[in-house]
Amino acid sequence: MPLTPEDGSLRAFYAGSRNFFTGALSPGIGKISNVPAFYSAAALPHSTYTLWVFAAVDGSLHLVDGMTIRQSATQAQSGVATWRR
């Protein structure tokens, strides 16, 4: 299932019987092809890369820049989203 409306965008595998994404990514974000299982994700574009934020099923937020996965000290209450002006 595509995570953005753009063609060729990041795709994640959805576990319909469990109502969340498994964490497997295609084609991946840089060197990262798996993240913790998650409910929602948002892309935060920067000038040289895109930071992805994943709201994991355990309530934690995971920040992925293509080289590392960092877990935030902040807990997600329901999900994450981005919008453009």
Side-chain angles (χ1 to χ4, degrees):
M1 173 173 283
L3 294 180
T4 67
E6 289 85 28
D7 289 335
S9 71
L10 182 66
R11 300 175 74 81
F13 296 93
Y14 184 72
S17 63
R18 297 183 182 247
N19 199 31
F20 60 77
F21 293 91
T22 65
L25 304 174
S26 175
I29 304 168
K31 296 181 177 184
I32 310 296
S33 59
N34 287 294
V35 296
F38 63 94
Y39 289 118
S40 59
L44 304 173
H46 292 271
S47 60
T48 57
Y49 69 97
T50 298
L51 178 67
W52 282 86
V53 180
F54 294 89
V57 297
D58 67 359
S60 63
L61 292 175
H62 295 266
L63 310 174
V64 179
D65 63 9
M67 298 297 287
T68 60
I69 299 175
R70 295 184 308 265
Q71 185 172 344
S72 172
T74 304
Q75 294 287 309
Q77 297 301 314
S78 62
V80 295
T82 60
W83 65 91
R84 293 184 186 188
R85 289 182 176 193

[X] and [Y]: which non-hydrogen atoms are nearest, and at how many Å?
{"X": "Ala43", "Y": "Thr50", "result": "CB-CG2, 3.8 Å"}
{"X": "Val57", "Y": "Tyr39", "result": "CA-CE1, 3.5 Å"}
{"X": "Ser26", "Y": "Phe13", "result": "CB-CE1, 4.3 Å"}
{"X": "Leu25", "Y": "Ala12", "result": "CD2-CB, 4.1 Å"}
{"X": "Arg70", "Y": "Leu51", "result": "NH2-CD1, 4.3 Å"}
{"X": "Ala15", "Y": "Thr22", "result": "CB-CG2, 3.9 Å"}

For this session: If the plane angle is over 60° it's perpendicular, under 30° parallel, otherwise tilted; pick one for Tyr14 and Phe21.
Result: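 Tyr14 vs Phe21 ring planes: perpendicular.
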Problem set entry | Spacing of CG belonging to Asp65 relative to CG belonging to Leu44, to within rounding of 0.5 Å |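 The CG atom of Asp65 sits 11.5 Å away from the CG atom of Leu44.
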Problem set entry | Spacing of CD1 belonging to Ile32 relative to NE2 belonging to His62, to within rounding of 0.5 Å |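 Separation between the atoms: 12.5 Å.
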Problem set entry | Audit row: Leu10, Trp52, side chain to side chain contact (heavy atoms under 4.5 Å, CB included) steps and yes/no | CA-CA 10 Å; Leu10 182 66; Trp52 282 86; 3.8 Å; yes
